[in-house]
Amino acid sequence: MSKVKIIPCSGIGKVFGLMSREAVLQVTNNLSPDTAETVCLAYIVTGDDSAREKVEGCTCVTVDGCPALCSAKSVEQSGGIVKAKYRVVDEMRNHKGVNAGTGTALTEDGWKIVDELAEKISAKVAELIEEEKVNV
Ligand code: SF4
């Protein structure tokens, strides 16, 4: 069974973009390394063949910073099957008024929100893997 592809947006210079990338790295490096992997969104967007092959027809989860949904849209356009779409902006609604940091550095509170989001994504990965086992 192939790993679930988790693709963060590339919101460079924006705190929500940084949070999406850090949450995905926590999932792929620490929480679900055997069942999830990431793919570089920039490669997908530029039409790189190997990046496209990695998502085409595959179970994907996207993690975007804001409602522009750059990752979700690009992955779908490349043929990825997006089973879940997360947005950091939604996570922030549960933490109104919290200073999460900047586009280059997160605060302690920002890291806590990243941890929460990473746990949610990891739980979703486990769910999707179980679903695929049932449907094989
Ligand atoms: S989803 Fe929002 S934060 Fe992420 S790359 Fe697009 S515009 Fe930037």
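Throughout, residue positions are numbered sequentially from 1 according to the sequence presented. These numbers come from the heavy atoms of this one structure, side chains and all, not from hydrogens, waters or symmetry mates. Just so you know, ligand 1 is whichever comes first in the structure, and atom 1 is the first atom listed for that ligand.
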Can you list the protein N, O or S atoms less than 2.8 Å from atom 4 (Fe) of ligand 1?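 C9 SG, with waters left out.
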Are side-chain N/O atoms of [X] and [Y] paired as donor and acceptor at under 3.5 Å?
X	Y	result
E56	S78	no
T107	D109	no
T28	T38	no

Evaluate salt bridge (charged side-chain N to carboxylate O under 4.0 Å, His left out) for K124 paired with E119, printing each intermediate quantity in order. CA-CA 9 Å; K124 176 54 81 175; E119 292 285 348; over 6 Å; no
Minimum-distance pair of heavy atoms, taken over all atoms of A118 and V27: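 Of all heavy-atom pairs spanning A118 and V27, the closest is O-CG2, 3.5 Å.
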Tell me, yes or no, whether the heavy-atom count around K14 atom NZ, taken from other residues, nucleotides or ligands under 6.0 Å, exceeds 12.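 For K14, atom NZ is not crowded (no more than 12 foreign heavy atoms under 6.0 Å).
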